[in-house]
Novice: 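Questions regarding the structure given below will be posed in turn.
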Number of protein chains: 2
Amino acid sequence: MSKKVRTIYDLAQLAGVSAATVSRALAGKDLVSAETAERIRKLAQAHGFRPSAVARNLRTRRRGAIGVVIPLGHERGQHISDPFFMTMIGCLADELTERGFDLLLSRVIPDREDWLEAMVDADRVDGLLIIGQSDQSAALDAVARRYLPMVAWGAFEQGQIHCSVGTDNFLGGRMAAQHLLDRGCRRIAFLGNPLPIEIRQRLDGARAAVAGAAGASLIEIPTHLTAELSAAEIAAFLDSADPRPDGIFAASDLIALNAIPLLASRGLSVPGDVRIVGYDDLPISRSILPPLTTIRQDIATGAAQLVDCLLKRIEGKQTGSVVLNPELIVRAST
Amino acid sequence: MSKKVRTIYDLAQLAGVSAATVSRALAGKDLVSAETAERIRKLAQAHGFRPSAVARNLRTRRRGAIGVVIPLGHERGQHISDPFFMTMIGCLADELTERGFDLLLSRVIPDREDWLEAMVDADRVDGLLIIGQSDQSAALDAVARRYLPMVAWGAFEQGQIHCSVGTDNFLGGRMAAQHLLDRGCRRIAFLGNPLPIEIRQRLDGARAAVAGAAGASLIEIPTHLTAELSAAEIAAFLDSADPRPDGIFAASDLIALNAIPLLASRGLSVPGDVRIVGYDDLPISRSILPPLTTIRQDIATGAAQLVDCLLKRIEGKQTGSVVLNPELIVRAST
DNA sequence: CCTCCAGATGCAATCGATTGTAAATTTATT
DNA sequence: AATAAATTTACAATCGATTGCATCTGGAGG
């Protein structure tokens, strides 16, 4: 074995052609004859040669990578354990690799205001995906004015400048509440922190449904931001509520998961005494007892739409925002 | 405002110096006078100029990015919803950005054998972190022979070639079982699929503890690979076991979370009738009812160690594998 | 047998920053 | 004042691939 083939020049020498020909052969251009191309490709394979992505990126002015910005949790943990994000990342990774892009992951650093500008100026990626805009809508709009290839996951609001892809949280909330009403519930409790816009929209949906049902009322219980820490608040509500609710709409499955054992420990059966609906359709929601009725967001479709929009924008086209429909999954908890 | 400053040449012209000086000033080298450097830096700031990372990478032969390989789940979902990975990614992102590296995320594509080779040859990253080696130890060893900057999270086995960082699963398993024994349990059930090496080591630890206790026995119940799907198997075991176990060691918190409602629905109280220990110390384990006793892996420390090892290796130094100690967190479930 | 054309290949500039070394400038020394 | 020493700055090569344009080759057509 001779010395390692590092560059297309090495390979060109081996093949007895010029570097340009090697480059074209490996890129699959039709300017080289089929047989030469084949020979070069075989040679590259044999020597385990892959052209340097960095050099290519410099020349072609394309980065071959998409930046994905996610509110990743650590000890201080906000969404730290929400499986939703993990699933989303997985789906995005699939979509992006399929289209030949790498995935550059970034943490949001909340204490710096120019995090988005910095990302854009660093120019290491062809586009940006923002997962979980929460309350950054204004920041996104500001950047969206001058930077096209950026799409955000989450709520759609009238008047926003940036492009977003997400499910219709209002509709989802209404479906959940309506389902409880259809099952005969009349005193419905909403568990969740309405500060993030997505949650507020779900609450709005629930309000709309309840307002349309005779004799029904909605009790709104703001829980802690972090689902895991909200158990105490839920317990306090359950012990003080009089009369007790006969239906619960939890703004996320994680909250429902916290609530169910609390109900059980108070001798309340699900769905006998209280019916409960979650949101997200986490995998675990299917296997707990009783299996949880929930509103499902199709994450795979969402990820595909995100990437579609982004690629269109990378090509310079404008795209509108996408609002997907959520789906009611009925299980034993109602 | 004149036309956009895109390159150091543009900036050099503005500043009335050469590109080389700009480059050095921005890089903070001491070859340029302090005042010139300051002037250039101000100018760069004013024009929102950042030197191209791609060009720099090409010249310096450094990539400024670390590849993180994770078994990301999608629909077929294996670890799809395990919050452990999300937390790990978050911690790694912190450690890496702090040290000036980007995080390039990759999905494992299980059907291709050369996934690791491809990653290495693509040469887009300075090093690789493998999270969740599961059964790929041999593949890792093969690559480790020729590729230094790679560290894997997970189990350490005698004789492995590659560098790994992880907690002592044997010790963790023994601690969990010993804790149950100390609480007076004598018929202990182990719930978990022992195929992944990490789980097998936990089982081995549990065996060792039980073997050392008079009159105690260990019942090994292999559950489904995916924690979420294992409920049926656990139920089947609970209904057939005679006598019923008085202690349960779940190989992960997720499994314990599945098991607890099953126990409750059979009229078995925790910890009155059955004590139960989990593994991982997920955030939700603290807030369920009863709060779960568990074995905690310190993910933050693990992530820091992973990055430390990797950076040493990028500098060409050898490093040994690191085995961290797990910690028993006692809560109300035992 | 010569010209022409199309297809295949090579030349050389280019992407944007880094850096060894040479040149220019300033400061120190006698 | 003249030279040596030290400090700044500029020149130009380099990283490795891409690509417009020029060149070469071989066969068709006249």
Side-chain angles (χ1 to χ4, degrees), chain A residues 3-41 43-45 47-65 100 102 120-126, chain B residues 3-41 43-45 47-65 100 102 120-126:
Chain A
K3 63 180 185 291
K4 183 93 175 87
V5 177
R6 308 202 56 72
T7 74
I8 55 172
Y9 291 91
D10 298 343
L11 195 62
Q13 197 166 20
L14 270 179
V17 296
S18 77
T21 303
V22 172
S23 171
R24 293 183 176 115
L26 261 32
K29 308 245 169 147
D30 49 2
L31 266 71
V32 287
S33 72
E35 48 192 331
T36 312
E38 183 58 23
R39 189 162 52 87
I40 292 174
R41 245 174 272 134
L43 219 48
Q45 178 95 36
H47 289 261
F49 170 79
R50 266 176 248 267
S52 154
V54 179
R56 188 210 331 278
N57 291 347
L58 176 59
R59 178 63 223 243
T60 58
R61 298 162 147 287
R62 295 177 64 259
R63 300 301 174 239
D102 282 331
V120 171
D121 290 334
D123 194 30
R124 306 197 65 156
V125 295
D126 292 318
Chain B
K3 63 179 185 293
K4 183 94 176 86
V5 177
R6 309 200 56 69
T7 73
I8 54 171
Y9 291 91
D10 299 342
L11 196 62
Q13 196 165 19
L14 270 180
V17 296
S18 78
T21 302
V22 172
S23 170
R24 293 190 172 108
L26 261 34
K29 306 244 168 148
D30 48 3
L31 265 72
V32 289
S33 70
E35 50 191 330
T36 312
E38 184 56 24
R39 188 163 52 87
I40 293 175
R41 245 173 272 134
L43 217 51
Q45 179 94 36
H47 289 261
F49 170 78
R50 264 176 249 268
S52 154
V54 179
R56 190 212 325 280
N57 291 347
L58 177 59
R59 179 61 224 241
T60 59
R61 299 159 147 289
R62 295 177 63 260
R63 300 305 174 234
D102 282 331
V120 172
D121 290 334
D123 194 29
R124 304 196 68 154
V125 294
D126 292 317

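Chain naming here is simple, since letters A, B, ... match the order of the sequence lines and numbering starts at 1 in each.
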Novice: Side-chain N or O of A:Ser23 less than 4.0 angstrom from OP1 or OP2 on D:dT18?
Specialist: yes
Novice: Hey, is the main chain of B:Asn57 close enough, under 3.5 Å, to the side chain of B:Arg63 for a donor-acceptor pair?
Specialist: yes
Novice: At a heavy-atom distance below 4.0 Å, what parts of residues 24-38 of chain B sit against DNA chain D?
Specialist: B:Arg24, B:Leu31, B:Val32, B:Ser33, B:Thr36
Novice: Say whether, by atom type as modelled, one donor and one acceptor occur between the side chain of A:Ser23 and the main chain of A:Ala19 under 3.5 angstrom.
Specialist: no
Novice: Which sits closer to the 5' end of DNA chain D, B:Ala55 or B:Thr21, going by the nucleotide each is nearest to?
Specialist: B:Thr21
Novice: How would you label the contact of A:Thr7 with the nucleic acid (heavy atoms, under 4.0 Å): base, sugar-phosphate, or nothing?
Specialist: sugar-phosphate
Novice: Sub-3.5 Å donor-acceptor pair from the side chain of A:Arg39 to the main-chain atoms of A:Ala15, do we have one?
Specialist: yes
Novice: Measuring from A:Leu14:CG to A:Ile8:CD1, what's the distance to the nearest 0.5 Å?
Specialist: 13.0 Å
Novice: Provide the closest heavy-atom pair for B:Asp126 versus B:Gly64 in the form atom of the first, atom of the second, distance.
Specialist: OD2-N, 2.7 Å
Novice: For the residue pair B:Val54 and A:Leu58, what are the closest heavy atoms and their distance?
Specialist: CG1-N, 3.6 Å
Novice: Pair up each side-chain donor or acceptor in residues 28-35 of chain A with any protein partner under 3.5 Å, not counting sequence neighbours, and list the distances.
Specialist:
{"from": "A:Ser33", "atom 1": "OG", "to": "A:Thr36", "atom 2": "N", "distance (Å)": "3.4"}
{"from": "A:Ser33", "atom 1": "OG", "to": "A:Thr36", "atom 2": "OG1", "distance (Å)": "2.6"}

Novice: Work out which heavy atom in B:Val5 is nearest to a heavy atom in B:Phe49; give both atom names and the distance.
Specialist: O-CD1, 3.6 Å
Novice: With a strict under 4.0 Å distance from non-hydrogen atoms of chain B, what nucleotide opens and what nucleotide closes the contacted stretch of DNA chain C, reading 5' to 3'?
Specialist: C:dG16 to C:dT21
Novice: Starting at the 5' end of DNA chain D, which residue's closest nucleotide do you reach first, B:Val17 or A:Phe49?
Specialist: B:Val17
